[in-house]
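Step one of this worksheet: look at the structure below.
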Number of protein chains: 2
Amino acid sequence: MPTKRLPTLEDVAARAGVSRATASRVVNADPRVGSSAREAVHASIRDLGYRPNRAARSLVRPDVASIAVVVPEAEERVFSDPFFSAILGAIYTKLADSPVQVLLAVAPPGRRDKIERYLRGGYTDGAIVVSHHRDDGISDVLREIQLPAVYIGRPHAGDVGLPYVDVDNVTGGMLATQRLIDGGRRRIGTVAGPQDMVSGADRLAGWRRAMGQAGLADDLVEYGDFTAASGGVALQQLLEREPNLDGVFAASDLMAVSVIQELQGRGIDVPGDVAVVGFDDSQVAELTRPPLTTVLSTTTGLARTAVEMLLTLLEGQQVEHVILPTELVPRDSA
Amino acid sequence: MPTKRLPTLEDVAARAGVSRATASRVVNADPRVGSSAREAVHASIRDLGYRPNRAARSLVRPDVASIAVVVPEAEERVFSDPFFSAILGAIYTKLADSPVQVLLAVAPPGRRDKIERYLRGGYTDGAIVVSHHRDDGISDVLREIQLPAVYIGRPHAGDVGLPYVDVDNVTGGMLATQRLIDGGRRRIGTVAGPQDMVSGADRLAGWRRAMGQAGLADDLVEYGDFTAASGGVALQQLLEREPNLDGVFAASDLMAVSVIQELQGRGIDVPGDVAVVGFDDSQVAELTRPPLTTVLSTTTGLARTAVEMLLTLLEGQQVEHVILPTELVPRDSA
DNA sequence: CTTATCTGTGAGAGCGCTCTCACGACGTGA
DNA sequence: TCACGTCGTGAGAGCGCTCTCACAGATAAG
């Protein structure tokens, strides 16, 4: 880092032949400044390449709120998984016209110290926690430093009373499974999400419930981690266990995509031989051949609601949790 | 915003019965503090929910560098376009283990005042500018406030001497077009990118050059804006002008994807009737049916190089521009 | 012409923190 | 016993800024 001292307001003022106070007024567009003084200061700012020192300013006049979006997942993942991209996009869009700053705190599960340091660093006034895992310790830190926070995705049992938004994952899982059942499928497997995430557990629970109500066996379960790579692997195992498989519910679109690819790679027709349903209704769902039948989980709605809740929280008011509805989006894969 | 005063170090010290200096030492893990004092301060911090005031701290000890990633595109776009996602992901990944903070300054083209305010706000020590348009004014602002910056994508003619990284878009465009020519295609059209962006202009130039060298007419040009939506529209126009079209070079994968969909929707076989080549080698290229032949433009390499260059710049050294090579990725669409 | 009202400006306090410096309480070696 | 560290601690300056307050000069009202 260069040690060159940056020009201060004092320098600007001296060069313009006015006091620091007047220079400050010009910078802050205070109308009560004579035009000659104003111009001198402006010229001085330009010549010196002056930029106000944010730290000094916010020390006096606490500046605009900034909120952290906390994502305990690997960086690559956060930006390549359409779920996170959609969440981030919606958060930024929602706050586009507000002065609120958005800071991204991303760190892989193993590096939770990084997020903790960040949170404790005093950078932010509030947090939105996305994709939170059991025992990632984030809620403990947040509680300890008393930072207002909203969770996207229902927190785990231990963290009761925390404000969150979520989609109705159980119903969503049922909807997806029912679609397969209604289509006449009987040997239906599921590629479930990670069970240390509530969304993973709930979607699986939905599948179980629908299967149970239809009097079908709920033994065909394999686990992935919501990424594309994990879907294909899980399908292979499903197929080994049950060659007569005729339907698959994948707990994320990305996993569903690779399930379809794996199936097609083996010469198995989708949906002729095996029907596939995904979850999320992300952009990729329209790009597959055949287009993917999936469950709309309004990612955008999650993000928008979370932002609204956090802003309410920052105003000092209490908020309840919110559950958004899910909806089946029928396409051709099931 | 709640007006409740946050606990200061003074409060912590008072409660622990020590001086502010000692409390500060504890917070900063200074070893020369007695264990009893240390414990008292820690307890006090916990009780009060104390978080250091970042502004006050950095006023004294200028804190870690923070760099802005400037993207003059609509928020939705930035997070849904795989090109930007990949760039952002690579930047965050590259800086994952450094203390450097990354701030995202995104604003649609019409709102350049927002980015300008941001840049002038003194939040950052450097900038990486992605997707820069002619006349977006960003380089003027950067020059004026003397902020070190690196461009991803070659800046326009007016901005000579600025450090940048880019891929060899002209050669890339030629590679893509040559693939079509080598495949026996003769009526080859292109869905070009926006011509106020260098990457759009250069890829088109590459197409022109390859067509010219092969003695083919370079009249079939329609323009998109790199997004999926624009690709289908452009294709329709191409098809109206030339029903015997047998090859298309789309200047982005996203446009190529919707070109393929539009083609297939009309019962035209890809690549049987019309061959299609994209650009970027983004994730979607593998998901289409048939998989998309495209040009690898090492988005990750762009981002990583830009970060390295900016860090060098921040150390006070000069940097040259860097051009990364492109490579054809043959798949089934051409 | 005096008194009240603006208008533009400067002096100076103070935001919460870090860090230098000084100091008292202990050893420790002569 | 005295000079000399060493260690833990506190007092206080100062980072760059904003903002209150006071005040000089111009203008309006009595």
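Chain letters run A, B, ... following the sequence lines, proteins first and then strands; every chain starts at 1. Bear in mind that the values here come from a model prediction, so they are computed numbers and not experimental data.
Across all strands, A:Val18 comes closer than 4.0 Å only to sugar-phosphate atoms, never to a base (heavy-atom distances). Residue A:Ala37 is classed as a sugar-phosphate contact, given heavy-atom separations below 4.0 Å to backbone atoms only.
Along DNA chain D, the nucleotide closest to B:Ser35 and the one closest to A:Ala23 are compared, and the more 5′ of them pairs with B:Ser35.
A heavy-atom distance below 4.5 Å is found between the side chains of A:Glu75 and A:Pro108.
The separation between A:Arg57 atom CZ and D:dC19 atom P is 9 Å, rounded to whole Å. The nearest whole Å value for the distance from the CD atom in B:Glu10 to the P atom in C:dC17 is 9 Å. Atom CZ in B:Arg32 sits roughly 12 Å away from atom P in C:dC21 (whole-Å rounding). The CG atom of A:Asn28 sits 10 Å away from the P atom of D:dC17 (whole-angstrom rounding). Separating the CZ atom of B:Arg38 from the C1' atom of D:dC7 is a distance of 13 Å, rounded to the nearest angstrom. Separating the CZ atom of B:Arg25 from the P atom of C:dG16 is a distance of 20 Å, rounded to the nearest angstrom. For the pair A:Arg51 CZ and D:dG16 P, the computed distance is 14 Å after rounding to whole Å. The CZ atom of A:Arg20 sits 11 Å away from the P atom of D:dG16 (whole-angstrom rounding).
If you look at A:His156 and A:His133, their ring centroids are not closer than 6.0 Å. Between A:Phe84 and A:Phe79, the ring centre distance reaches or exceeds 6.0 Å.
Proximity of A:Thr8 to the phosphate of D:dG16: no side-chain N or O atom is located under 4.0 Å from OP1 or OP2. Taking only side-chain nitrogens and oxygens, A:Thr22 comes nearer than 4.0 Å to OP1 or OP2 of C:dG10. Between A:Ser24 and D:dT18 there is a side-chain N or O to OP1 or OP2 distance below 4.0 Å.
Contact check on A:Arg304 versus A:Glu308 returns no salt bridge, with no Lys/Arg side-chain nitrogen under 4.0 Å from an Asp/Glu carboxylate oxygen. Between A:Asp11 and A:Arg15 there is no salt bridge, since none of the side-chain N atoms of the basic residue sits less than 4.0 Å from a carboxylate O of the acidic one.
The listed nucleotides are C:dA11, D:dT9, C:dG16; the one nearest the side chain of B:Val33 is D:dT9. Listed candidates were D:dC17, C:dG16, D:dT9. Nearest to the side chain of B:Val60 is C:dG16. Of the candidates D:dC15, C:dC17, D:dC17, D:dC17 carries the atom nearest the A:Ala56 side chain, counting heavy atoms from C-beta on.
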